[in-house]
Asker: 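Before I ask anything, here is the structure I am working with.
All values reported here derive from a predicted model rather than from experimental measurement.
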Amino acid sequence: QVQLVQSGGGSVQPGESLRLSCAAHGRTFNYYTVGWFRQAPGKEREFVGANWGSAQDTYFYADSVQGRFTISRDNAKNTVYLQMNRLNPEDTARYYCAAGHPELATIRAETGYTYWGQGTQVTVSS
């Protein structure tokens, strides 16, 4: 069993940055694929990015965040980070980390992930 505990988030102005953390407890998730998803009010949860567990130099990002968001992993701390730069109001959502062993072809789908964090709110507003 893996418990994912998120931290970070908050309220920022457009153009600013935030870093979210996702720490695994109970078992190392060194070889898990870790994904980030977000859900805005009234919308379905959507894929943000993922780091593939089988090849941890392989990253996937949604088009909407490509070039602004970066996932990094610190296996010694059993923690994955989502660095978010140049935030804009459209990034406002509750962000979730997830871990699992999805197939590469479905890495952007929620169904491939077994463990989920509790979510953390990110609000971008002037």
Asker: Applying side chain to side chain contact (heavy atoms under 4.5 Å, CB included), run through Asn30 and Asn78 and close with a yes or a no.
Answerer: CA-CA 7 Å; Asn30 289 1; Asn78 228 18; 3.5 Å; yes
Asker: Output yes when a side-chain donor or acceptor of Gln83 lies under 3.5 Å from a complementary backbone atom of Ser72, and no otherwise.
Answerer: no
Asker: What residue among Trp36, Tyr32, Phe60, Tyr59 forms side-chain contact (heavy atoms from CB on, under 4.5 Å) with Asn51?
Answerer: Tyr59
Asker: If I take atom CD from residue Gln39 and atom CD from residue Gln121, how far apart are they, to the nearest 0.5 angstrom?
Answerer: 10.5 Å
Asker: Using the rule given for side chain to side chain donor-acceptor pair (under 3.5 Å), can you reason through Asp74 versus Thr79, listing the C-alpha separation, both sets of side-chain angles and the distance that settles it, and then say yes or no?
Answerer: CA-CA 5 Å; Asp74 186 338; Thr79 301; over 6 Å; no
Asker: Where the side chain of Thr92 meets the backbone of Val124, is there a donor-acceptor pair that is under 3.5 Å apart?
Answerer: yes
Asker: Please step through side chain to side chain contact (heavy atoms under 4.5 Å, CB included) for the pair Asp91 and Met84, ending with a clear verdict.
Answerer: CA-CA 9 Å; Asp91 296 315; Met84 305 182 293; over 6 Å; no
Asker: Would Leu104 end up clustered with Phe37 when hydrophobic side chains under 4.5 Å apart are linked, directly or stepwise?
Answerer: yes
Asker: What is the distance from atom CD of Glu44 to atom CD of Glu110, rounded to the nearest 0.5 Å?
Answerer: 8.5 Å
Asker: Going through the distances and angles, do Arg38 and Val65 end up as a side chain to side chain contact (heavy atoms under 4.5 Å, CB included)?
Answerer: CA-CA 12 Å; Arg38 67 185 181 185; Val65 306; 4.0 Å; yes
Asker: Which is it for Thr106 and Tyr113 under the side chain to side chain contact (heavy atoms under 4.5 Å, CB included) test, yes or no, and what are the steps along the way?
Answerer: CA-CA 10 Å; Thr106 57; Tyr113 297 86; over 6 Å; no
Asker: Quick check against the 3.5 Å criterion: does Gln6 have a side-chain atom that pairs as donor or acceptor with the backbone of Tyr95?
Answerer: yes
Asker: At their closest point, which heavy atom of Ala40 faces which heavy atom of Ala93, and how far apart are they?
Answerer: N-CB, 3.8 Å
Asker: Would you call the rings of Trp116 and Tyr96 parallel, tilted or perpendicular, taking 30° and 60° as the class edges?
Answerer: perpendicular
Asker: Spell out, yes or no, whether Val2 and Tyr81 are grouped together once hydrophobic residues are joined by side-chain heavy atoms under 4.5 Å, including indirect joins.
Answerer: no
Asker: Considering all heavy atoms of both residues, which atom of Arg73 and which atom of Gln56 are nearest to each other, and what is their separation?
Answerer: CD-OE1, 3.1 Å
Asker: Report whether Tyr61 and Val34 are members of the same hydrophobic cluster (ILVMFWY, side-chain heavy atoms less than 4.5 Å apart, transitive linking).
Answerer: yes
Asker: CZ/Phe69 to CZ/Arg86 distance, rounded to the nearest 0.5 angstrom?
Answerer: 10.0 Å
Asker: Taking the side chain from Thr33 and the backbone from Gly53, do they hold a donor-acceptor pair closer than 3.5 Å?
Answerer: yes
Asker: Please tabulate, for side-chain N and O atoms in residues 9-21, each donor-acceptor pair with protein atoms closer than 3.5 Å (sequence neighbours left out).
Answerer:
unit_1: Glu16; atom_1: OE1; unit_2: Gln13; atom_2: N; d: 3.0
unit_1: Ser17; atom_1: OG; unit_2: Asn85; atom_2: OD1; d: 2.9

Asker: Could you state whether Phe47 and Ile71 fall into the same hydrophobic cluster, counting links through intermediate Ile, Leu, Val, Met, Phe, Trp or Tyr residues with side-chain heavy atoms under 4.5 angstrom apart?
Answerer: no
